[in-house]
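Have a look at the structure below before the remarks.
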Amino acid sequence: QTSQSLGSGFVWSSDGIVVTNNHVVEGASRITVNFNGGSQLPARVLGVDPDSDLAVLRVDGKNFTAAPIGTSADLMIGESVIAVGNPFGLSGTVTTGVVSALGRSVPSETQGRTYTDFIQTDASINPGNSGGPLLNIEGRVIGINVAIYAQAQGIGFAIPVDRAKKVIQDLLRYGEVHSAWIGAVTATLTPEEAKRRGHNTQRGAMVVRVFDGSPADGG
């Protein structure tokens with residue numbers, strides 16, 4: 001039985017790199033990118049990262065109009081933002097709102113994981129918006145929308161673009177994300193454990209294991 005699904009995305013670079021959510025393309029046997037001008041082009045997946053819910057696609061061609069990429073490092077709560085996407089198949093839909101919160105951790109029952117460091121906004125983000133850009137008032141991409149709470153009103157989430165940049169660069173270069181590894185296992189240092197060990201600190205991390213030959217072992 002053949003089924004179809006809809007999502008959003010945007011052109012990351014003019015050589016045909018398109019960014020969307022991993023769950024938009026997960027399990028797809030064929031992907032078609034529909035542009036606002038009416039053209040349709042087949043796309044192939046260059047890499048996905050389920051942990052950040054990002055996917056990088058390529059469409060053949062040159063001189064595509066790429067979205068201007070901004071930064072999420074200086075976002076402020078209350079700042080105006082604009083979400084663009086394809087909710088329920090209504091292509092080119094634009095909604096506005098503000099940044100409601102930063103650094104949100106959001107559990108997803110459908111994906112069976114918890115996503116961290118999300119931007120929360122009250123701009124309407126509905127099913128089909130997933131993978132579309134979240135813009136600042138200058139029209140620059142500061143996040144990538146994720147539709148997680150289908151029944152929520154006034155609660156939308158987006159992946160900060162600064163975090164997405166590193167993931168996208170790794171997917172383009174290696175086809176997978178190369179995570180940092182220091183070679184140490186840590187545990188939360190509670191006030192009780194600190195007191196038992198004779199430390200005055202009230203919080204912190206405690207190294208419980210260091211792997212031989214790792215960067216932590218060399219330090």
Side-chain angles (χ1 to χ4, degrees), residues 5 7-33 41-75 83-85 102-108 110-120 125 129-136 140-148 157-186 211 213-219:
S5 64
S8 303
F10 62 97
V11 178
W12 181 266
S13 59
S14 60
D15 56 348
I17 299 301
V18 174
V19 171
T20 185
N21 286 147
N22 171 63
H23 77 261
V24 170
V25 299
E26 189 175 22
S29 59
R30 186 175 62 183
I31 302 169
T32 302
V33 176
L41 292 175
R44 63 183 186 276
V45 177
L46 296 184
V48 299
D49 180 40
D51 288 338
S52 60
D53 199 14
L54 286 172
V56 175
L57 316 177
R58 180 184 288 280
V59 293
D60 292 330
K62 295 181 179 180
N63 301 320
F64 292 97
T65 301
I69 307 301
T71 178
S72 52
D74 58 358
L75 287 178
V84 183
L102 300 169
R104 288 294 200 204
S105 293
V106 184
S108 172
T110 57
Q111 299 299 310
R113 66 180 74 230
T114 296
Y115 299 104
T116 59
D117 193 31
F118 272 4
I119 301 167
Q120 182 183 332
I125 296 176
N129 268 116
S130 289
L134 186 70
L135 313 171
N136 61 17
R140 296 186 176 276
V141 178
I142 50 89
I144 299 168
N145 300 323
V146 182
I148 289 182
F157 297 98
I159 305 162
V161 73
D162 289 350
R163 187 158 64 88
K165 284 178 185 176
K166 200 273 181 186
V167 173
I168 293 166
Q169 288 169 356
D170 276 7
L171 293 178
L172 287 173
R173 182 175 298 178
Y174 309 113
E176 62 183 8
V177 175
H178 285 192
S179 301
W181 182 71
I182 63 172
V185 178
T186 62
F211 292 93
S214 68
D217 186 39

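This structure is a prediction, so every number in the text was calculated from the model and none was measured.
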* Asked: To the nearest 0.5 Å, what is the distance between CG (L57) and CZ (R44)?
  -> 10.0 Å
* To do: Heavy atoms only: give me the nearest L134-A158 pair and the separation to one decimal.
  => CD2-CB, 3.8 Å
* Asked: Can S8 and N129 be counted as having a side-chain donor-acceptor contact under 3.5 angstrom?
  -> no
* To do: Would you give the length of the straight line joining atom OG of S72 to atom CZ of R140, rounded to the nearest 0.5 angstrom?
  => 14.0 Å
* Asked: Shortest non-hydrogen contact from G9 to P133?
  -> O-CD, 4.5 Å
* Asked: Ion pair present between R173 and D170, side-chain N to carboxylate O less than 4.0 angstrom?
  -> no
* **Atom pair OG1/CZ of T20 and F10 - distance to nearest 0.5 Å** => 9.0 Å
* Structure fact -> In this structure, CZ of F118 is separated from OG of S105 (nearest 0.5 Å) by 9.5 Å
* To do: Using a strict 4.0 Å threshold on nitrogen-to-oxygen distance, state whether D117 and R163 make a salt bridge.
  => yes
* Structure fact -> d(I17 CD1, F64 CZ) to nearest 0.5 Å is 10.0 Å
* Work out which heavy atom in I182 is nearest to a heavy atom in S214; give both atom names and the distance. => O-OG, 3.6 Å
* **Shortest non-hydrogen separation from L102 to L75 and the atoms involved** => CD1-O, 3.6 Å
